[in-house]
Amino acid sequence: TGSVGTSVASAEQDELSQRLAKLRDQV
Amino acid sequence: MALPPQLKSIQHHLRTAQEHEKRDPVVAYYCRLYAMQTGMKLDSKTPECRKFLVKLMDQLETMKKELSDSESISQEIVGNAHIENYAIKMFLYADNEDRSGRFHKNMIKSFYTASLLFDVLSVFGELSEENIQHRKYARWKATYIHNCLKNGETPQ
């Protein structure tokens, strides 16, 4: 379950980074 | 929403955003953007921080939509000039009060807010040497004058 938890966390982190890039018109 | 302790260092920038919500929404937006970027570097893994940052991102996206007519929001280069001018205005007001020997809470706050806004300028790129010096001086002055007034001393 540890690795599942870690991948969920990194997917959410990724989503946040993508939203930030979009917000700043960097995509 | 309560700020998780891991993100404590962005609390003053978030407070400045709140204080400028109506007075200058562009300042509020970029303070939150700085808090967002810094918060993600500090901790975006623990559930409480993720939850907080997702809320902050929602708020930023809503603000961007609401302020879409403002060039300071749609073009970051214009936003950069806006924040820099505002920070310098705050700094000069406090500096003028300081040099005139008028020491009061409002000028301490202006020095401190100016220093926070120089932090915010880092979202646009590396700070100039001049802005680094202004930030250092403003933060030091705010602390020094605050301590003098607290101890009943006259700042030099």
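Quick note: numbers below take in every heavy atom, side chains included, and nothing from hydrogens, waters or symmetry partners. Small disclaimer: the values here were computed from a predicted structure and weren't measured. Chain letters run A, B, ... following the sequence lines, proteins first, then strands; residues in each count from 1.
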Note: vs chain A, highest number of non-hydrogen pairs under 4.5 angstrom among B:T46, B:I73, B:V123 is B:V123

Cut-off 4.5 Å, heavy atoms of chain A, and the answer for B:S74 is backbone

Residues B:L60 and B:L33: closest non-hydrogen pair is CD2-N, 3.7 Å

Neighbour count >12 (heavy atoms, 6.0 Å) for atom CD, B:E130 = no

Looking only at B:E76, B:K64, B:Q37, B:M57, the option with the highest number of non-hydrogen pairs under 4.5 Å against chain A is B:M57

When the aromatic ring centroids of B:Y112 and B:H12 are compared, is their separation below 6.0 Å? yes

The interface call for B:M36 against chain A, heavy-atom contacts under 4.5 Å, is side chain

Between A:S17 and A:D14: side-chain donor-acceptor atoms closer than 3.5 Å: no

